[in-house]
Amino acid sequence: MSLVNVDASQLKAFGTTLAGGATVRRALVSAAVKKGAQNVKESIEGDLKTSRNAAFRRIGIHYTMQTVGASGIAADISPTKGGAGSLANIAFFGTAKGGGTHRFYEHGEEELPKLAEYVARATVEGF
């Protein structure tokens, strides 16, 4: 019976590189999503600042980063609760008497192509 000695150090190093690359890609994608969320937040706030209604100009917008499943990253962008934030539905969607003159979802739709580019670049450059 002969013993075979196998050096697996190169395989281990390669595995470490792949795992490290995934970590780097995830961080870059997370940064891209955060940048996109910040851009959308600033666009919504800029839209609200143009309002003739002083209360609408005070509506705060924030976002929270979330992990979705095992590897997904998302940002939840929404008006702050309470105070002027309670007027957000009227500002964005209106009532039976009117309103809804400010855009909300449209700012996210405008940012989506740039975000997709950032995420694609992050996944390629991170490896």
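This one's a predicted model, so the numbers in the text were calculated from it and none came from an experiment. Values below: all heavy atoms of this structure, side chains included; hydrogens, waters and symmetry mates excluded.
- Between Arg103 and Glu110 a salt bridge is recorded (basic side-chain N to carboxylate O distance below 4.0 Å).
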Kindly determine whether Phe56 and Leu87 satisfy side chain to side chain contact (heavy atoms under 4.5 Å, CB included), including the steps that lead there. CA-CA 7 Å; Phe56 288 179; Leu87 298 172; 3.9 Å; yes
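- Salt-bridge formation is detected for the pair Arg121/Glu117: a Lys NZ or Arg NE/NH1/NH2 atom is positioned less than 4.0 Å from an Asp or Glu carboxylate oxygen.
- Other residues, nucleotides and ligands contribute at most 12 non-hydrogen atoms within 6.0 Å of the OH atom of Tyr105.
- Contact detail for Ala74 and Val68: the closest heavy-atom pair is CB-CG2, 3.7 Å.
- Contact detail for Tyr118 and Ala32: the closest heavy-atom pair is CB-CB, 3.6 Å.
- Nearest heavy-atom pair across Phe104 and Ser78 is CZ-CA, 4.2 Å.
- Nearest heavy atom pair, residue Arg26 against residue Ile73, reads O-CD1, 3.6 Å.
- In this structure, OG1 in Thr101 is found 9.5 Å from CZ in Phe92, a value given to the nearest 0.5 Å.
- Atom NZ in Lys97 sits 10.5 Å away from atom CD1 in Ile90 (nearest 0.5 Å).
- A heavy-atom distance below 4.5 Å is not found between the side chains of Leu115 and Val40.
- For the atom pair CD1 of Ile59 and CG of Asn53, the computed distance is 8.0 Å after rounding to the nearest 0.5 Å.
- Linking Ile, Leu, Val, Met, Phe, Trp and Tyr whenever their side-chain heavy atoms come within less than 4.5 Å puts Ile77 and Met65 in one cluster.
- In this structure, NE2 in His107 is found 10.5 Å from CD in Glu45, a value given to the nearest 0.5 Å.
- Side-chain N or O atoms of Ser51 include none that pairs as donor or acceptor with a backbone N or O of Leu48 at under 3.5 Å.
- For the atom pair NZ (Lys49) and CZ (Arg58), the distance works out to 10.0 Å, reported to the nearest 0.5 Å.
- Between the CD atom of Gln38 and the OG atom of Ser43 there is a distance of 10.0 Å, given to the nearest 0.5 Å.
- Taking both residues in full, the closest heavy atoms of Ala55 and Ala84 are given as O-CB, 3.6 Å, listed atom of the first, atom of the second, then distance.
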